[in-house]
Amino acid sequence: MSTTSTILPKDEAAAQGELNVQINGTWHRFAPGTRIADACNTVGAHVPCFCYHPKLAIAGSCRMCLVEQGMPPRLAPGQEPSYDAQGYQPLQWMPRAIIACANTVSENMGIRTTGNITAEARRGVLEFLLSNHPLDCPICDQAGECKLQEYSSDYGSGTSRFQEEKTKKGKNIDLGPRVNLDQERCVLCHRCVRFMRDIVGEEVLGAVGRGSNCAISCYPGLKLDSNYSLNTVDLCPVGALTSKDFRFKMRVWFLKSTPSIDVNCGTGSNISIWSREQEIYRLTPRQNDQVNSCWMPDSHRLNYKYINAEERILNPTVRTDIGAPQRESTWDACLKLSAEQLQKCEASKTAIIVSARMTNEELYLVRALAKQLGIKEIASVSRKGKSDGMLISADGNPNTTGEQMIIAEKATALEGICSGIKSGRITALLALGEDITAEAGLSADNIKNLDYLLTLAHSKNGTTELADVTLPGVTFAEKYGTMINVTGRIQRLNQAIEPIGNSRDDWSILRDLIILLGSEDEKLAALKSARDLVTIMADEFAAMAGLTWGSIGNDGKAIISTGVTIPLIEREQASK
Amino acid sequence: MSYTPIKRPKFSLADRIYIVAIAKGLCRTFKHLVLALTRRSRHREDFNSKGIGLCMPFPEQRWDERLPEYYRGAPTLVRGEDSRERCVSCQLCEFICPARAITVTPGEVDPASPCAKQEKAPKEFTIDMFRCIYCGMCEEVCPEQAIFMSQEYLITLTDRDKGIRDKETLYKLGGVRKGLVNKWNDHK
Amino acid sequence: MQFIIDCWNSVMGDPTWFYLITTIAKLALMFILLLLFVVLSVWIERRIAGWIQDRPGPNRTGIPIHLLQRFGSKEKQPLKKWLEYFGVPANSWIAKLCTWLRLDREIPLFGLIQPMADGAKLFLKQEMTPSYVRKGFFIAAPMFVLGPPLIAAAVLPFSSSVDTCYGAINMCVANLNIGVLWIFAFSGLSVYGLTLAGWASNSKFPFIGGLRATAQLISYEVAMGLSIIPLLMMFSTLNLQEIVQNQAENGWTLVPLWGEGLSLQRWVLLLPMCISFLIFVTSVFAEANRTPFDMAECETDLVGGYHTEYSSMKFASFFMGEYVAMVVGSALVITLFLGGWSIGLGADVCLADWAKAAAITGSDQAATCWQSILGCCAGWIVVLLQFVAFIVKLVAFVFFFVWVRWTLPRFRFDQVMKLSWLVFFEIAVINILLTAAILYFIQ
């Protein structure tokens, strides 16, 4: 066949800046510099790894990712390369396996992830790893999501030939305030060491000892107390590093994971909520390279206890008369009463304080409520703090951008409302999702000036103690909704558990209130879920044009440019 | 798919009008009836039964000594020879239980106790005997040989609350199991 | 006293009142008899099933003594007190025998209380009506199943007639001239109950069960109807009381051993009668939805069949309806083929003559006191004897029903249908022609 008239695949690929690689007999194209492990995984040829993590530096220490590699034969001087019918050079397979994580692909390379050499190599590696492994899976929190378990069942030998005593190492070692270490379970992948060194920038962890006695440990005098320390638990492929918070709480196979987002700051880190029945057991970061990479701060991760706490309000409470004690009520009666009372309030003397912790849908309904009541004064409480230079944003509210988009054009200053309350100009207040005694700058005495205070809250706080009507809403884990983070990315919250007690979705409370106040909006009346509100809002706000709940996806969509960036993501993208 | 066609027997006319077969069958069952009533049933002496047919009249005559080794009675928890709680609350039984009768609340072992190396033990362990179907899957799945089907078959309750057996009850019923498990001590 | 007797005489003397009162008495007797028989046949069913399977069946349930405590007895074991009262020491053999008979715990009745305990349990169970059913029909269906067999039983003669001083009482609730047709008409109605139950349950298995029941009952109704035509041709009447009377005098349909039964014609007619009997009995099994024809409720493929969604007393109604149908079916077979209340071997005729003679002697002025009492009671004694004969036959046939159930496995549905339409229907038609030929040619 003639090779002059046809273009060879290597030239064709080179023209696109790619390389030809044969994986398990099929030719694929990859960008130069792609790691063999990544290349194999993208085409579905799974390569098992312990130490390799796409976000961390390469260690190549676990040897689990051994694959068979082939290259074209080295040419003798003056010899012309030969090509087969498809235009590829023949492959010569190396007699020994190479690691897939530390090597990159090259032109006309062949990789085999199946076959005797790799199977034997993997079996051998696993046998070595298991020779000192304590096999305490029944008490190990990692069981069920443990790489060593998975690979042993997939590639291991099933029986042990190890007759000797296993090496004894430290168990249940206190590494820091939130992390525990079991050195016997460790496979010495060094993922935690690399994470703390490279991503967090704190050299806390290292390996000590040699051979069988090698173990991970904190450097003397140091503790693993970084606010990102729990990410090492996620990274750990086995159960060596375990979270003190999640320790022995529940086996992972009982847990249901719901993709959602973190609501503790403006970054809106992507998370998974792990729940069983009506209980939430842990939150873990979910990979999103535009928002939080693979990480999240410990302070946010552990801030879920309030969801099932005693402080939750389980029933709507009302005060039937001035000075009367608060009394539990039913939803129908409570909403009817609130609607009657709100209609009696003078619009010019009424104000609304909303929260930028509410979802876009709820804020949209608050706006509709204000319109229905004719209220002109709406303000939100801002929470400005300091960024930690990683993932925690300077903005303490998760939905400031959304609040500005939906409410801000009408918003008045919070100070105006506060002074109005103090001077007695404002006599009725709707505090929605915000504790006005805490961060709004109002004291309990100021609030007593008010004739009427309605509040929407999920837990008891200073405001609910004083409120005439308290409508129990839900926390982030119990509702659907969207929020726009500081970079202008719209992201979804998903419901992980049903509303606790008799509390109800905030949006449905607001919707019912609007309808009871006399709105004849048929679209609102027909709503079944907050998810449908996205479509309605898409018609109204230019930034959301064309969006539906489904099109937002689990990763969210950048819809507004705010100019704000997330430092950790900046660094990660710069290092590529 | 391959299959082998079964050759059906050819029926004669006498077979096909059923009457003879029915009469034969009626004779057979009547014979059983008579033998049962006259206490001459076959294999009666094997069962040592004192009632009609092959039956042992239950509360008076019991088959306890004839219970097979593998008899599946009520599930119980056992302790080891070293009086260690064998259960490490891995919750596999809770997972496998088809009737969802088992509820385990995991807890931590007191670090000062002699079996501190086990680290984990159930804080609460309840088996709802109203739901239990005695399938024995919990016994089969248990990696620690901590749950066993006892030979207890007489579970008559006068109080609904007693149907839900807690940890103490289960350990009391299970008792101590012979055979030291070295997995959680220093011998490993 | 005299006044009451006068009143009684004047009321009973009026033919309308006489008819009304006797009919109501017979009605009550028949109704109680049937329901008792239902209870009894449940017990028979379970005991026989047990024996056939080498086990005792329900033999324990008695009247527990501790119930007496509820009614005021302060003793925990009243037996001991009674024994003490009679001076029997607690360790004597009498006391031991009583303990062995479990008299210290309960009054044993061979488990006869079991069906009643079951009934009480069903009565006290939670009544569940699924939300998705058609309420009206769902509630009506069990009534349709239980009602018709009870109504059909009205024409069944359970004894011969008796002469009283006020007139003759025919021991049959309604002595209709179309008795056979009446039974067919009403037993056919119960299929509506099954169909309605299947349809109103709004659930797939009951629906299939209901459909099967409909198809099966309609098919066997045909075979059943055709099968007894030869018999009716022979007796030339549709009145059941007359049919039985005829059998009492001239030999049972299947046992022609006395009276005219010894004639050649009757012996030749035995062949078509036997064929009729086989078809009829099989059809009764099918009509009563009994194994081997319980296609409508076979647990293995239909959960519970048409009554899957039923509970408590509604379910019990189906259950009872089935047993009533079985009892009525048995009674019908006995009436048509086995001489009904007739004692047999010509004894009925002799007894009737004896009763008549005794009555005449008794009414005679010269009769002794003894003779006059006998004269009054003779008719009743005969009726009672015949009633006992009827009950014995009925129990025997119920036993046969049960026996068959625990012997034969269930048919497949296509086999059931085939048997009815391709076998029984043809044979029944041929049988009619055969009978006609015999009646015409052999005199």
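Proteins get letters first, then strands, A, B, ... in listed order; numbering begins at 1 in each. These values consider heavy atoms only, across backbone and side chains, with no hydrogens, waters or symmetry-generated copies.
No more than 12 heavy-atom neighbours from other residues, nucleotides or ligands sit within 6.0 angstrom of CD on B:Glu69. Other residues, nucleotides and ligands contribute only 12 or fewer heavy atoms inside 6.0 Å of the CZ atom of B:Arg100. In the displayed structure, B:Arg177 atom CZ is contacted under 6.0 Å by at most 12 heavy atoms of other residues, nucleotides or ligands. Other residues, nucleotides and ligands contribute more than 12 heavy atoms inside 6.0 Å of the CZ atom of B:Arg66. Within 6.0 Å of CE in B:Met149 there are more than 12 heavy atoms belonging to other residues, nucleotides or ligands.
Applying a 4.5 Å heavy-atom cutoff, the residues of residues 33-46 of chain B that approach chain C are B:Leu33, B:Ala36, B:Leu37, B:Ser41. Residues of residues 423-433 of chain C never come closer than 4.5 Å to chain B when only heavy atoms are counted.
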side-chain hydrogen bond (donor to acceptor under 3.5 Å, both in side chains) assessment of B:Thr29 paired with C:Trp403: CA-CA 8 Å; B:Thr29 45; C:Trp403 185 15; 3.0 Å; yes
Going through the distances and angles, do B:Leu26 and C:Leu408 end up as a side-chain contact (heavy atoms from CB on, under 4.5 Å)? CA-CA 8 Å; B:Leu26 287 173; C:Leu408 296 186; 5.8 Å; no
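For C:Tyr220, the ring pair (Phe, Tyr, Trp, His ring centres under 6.0 Å) criterion is met by C:Phe293, not counting sequence neighbours. Partners of B:Glu108 by side-chain contact (heavy atoms from CB on, under 4.5 Å), not counting sequence neighbours, listed by chain and number: A:Arg247, A:Phe248.
Minimum heavy-atom separation, B:His32 to C:Ile52: CB-O, 3.3 Å.
Contact check for C:Thr407 versus B:Ile22: no side-chain heavy atoms found under the 4.5 Å cut-off.
Taking CZ from C:Phe399 and CZ from B:Phe30, the interatomic distance works out to 5.0 Å, rounded to the nearest 0.5 Å.
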